[in-house]
Amino acid sequence: MTSTPSYILLAGGHLLVRADQMTGLLRHVAAVWLQATDRGEADYDPETVLALATGLMEVADQIDAECIALLPPKDGVEGDGDGDGDGGGEEDAGGVEGGAGGDGSQG
């Protein structure tokens, strides 16, 4: 039985890991910290553990979002990859559709 490594070691010591494995690891570490603190198994400051666990989960969420953004568009749907559906490839100024003017103008 052969197994495929779940990582790739590059020249220079850089390590590539599948994104789903990395996000799973980050979420698992966060959960273990929270559980250990909740059960009193570790003498950690609960507020600090919560902040660190939240940070790890946010990093995992960001990795997931970045990977989703790299996916090719579905058949028949064109987009620019920024998720706003305008085909423009950049965020709308001020968060208003069509630009800062709100009337479709860019200024």
Side-chain angles (χ1 to χ4, degrees):
M1 180 173 158
T2 60
S3 65
T4 305
S6 58
Y7 60 88
I8 299 172
L9 183 59
L10 301 176
H14 294 276
L15 185 66
L16 299 179
V17 180
R18 287 182 19 188
D20 64 329
Q21 290 180 331
M22 180 54 66
T23 58
L25 175 64
L26 292 170
R27 290 185 176 105
H28 178 74
V29 169
V32 168
W33 284 349
L34 291 170
Q35 290 172 356
T37 303
D38 287 346
R39 294 178 183 161
E41 297 170 358
D43 189 27
Y44 302 143
D45 176 56
E47 290 181 24
T48 302
V49 170
L50 180 59
L52 290 170
T54 300
L56 287 179
M57 290 184 281
E58 287 174 357
V59 169
D61 290 345
Q62 184 63 39
I63 292 170
D64 285 341
E66 293 291 332
C67 289
I68 290 168
L70 293 173
L71 292 174
K74 293 183 181 178
D75 291 338
V77 177
E78 291 191 29
D80 54 13
D82 67 0
D84 64 2
D86 67 356
E90 58 191 19
E91 286 188 32
D92 294 325
V96 178
E97 188 69 358
D103 60 357
S105 68
Q106 291 297 319

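Values below: all heavy atoms of this structure, side chains included; hydrogens, waters and symmetry mates excluded.
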In Å, rounded to the nearest 0.5 Å, how long is the span from [atom1] of [X] to [atom2] of [Y]?
{"X": "Ile8", "Y": "Leu15", "atom1": "CD1", "atom2": "CG", "answer": "9.0 Å"}
{"X": "Met22", "Y": "Asp64", "atom1": "CE", "atom2": "CG", "answer": "12.0 Å"}
{"X": "His28", "Y": "Gln21", "atom1": "NE2", "atom2": "CD", "answer": "13.5 Å"}

Would you say Leu25 and Val17 make side-chain contact, with heavy atoms under 4.5 Å?
no

Considering only heavy atoms from C-beta outward, does the side chain of Asp61 approach that of Arg27 to under 4.5 Å?
yes

Report, one line per pair, each donor and acceptor closer than 3.5 Å where one atom sits in a side chain of residues 46-54; sequence neighbours left out.
{"residue": "Thr48", "atom": "OG1", "partner": "Asp45", "partner atom": "OD2", "Å": "2.7"}
{"residue": "Thr54", "atom": "OG1", "partner": "Leu50", "partner atom": "O", "Å": "2.7"}

Taking atom types as modelled and ignoring hydrogens, do the side chains of Glu66 and Gln62 form a donor-acceptor contact shorter than 3.5 angstrom?
yes

Taking all atoms of both residues into account, what is the closest heavy-atom pair of Thr23 and Ala60, and its distance?
CG2-O, 3.4 Å

Identify whether Tyr7 and Leu26 are in the same connected component of the hydrophobic contact network (ILVMFWY, side-chain heavy atoms under 4.5 Å).
yes

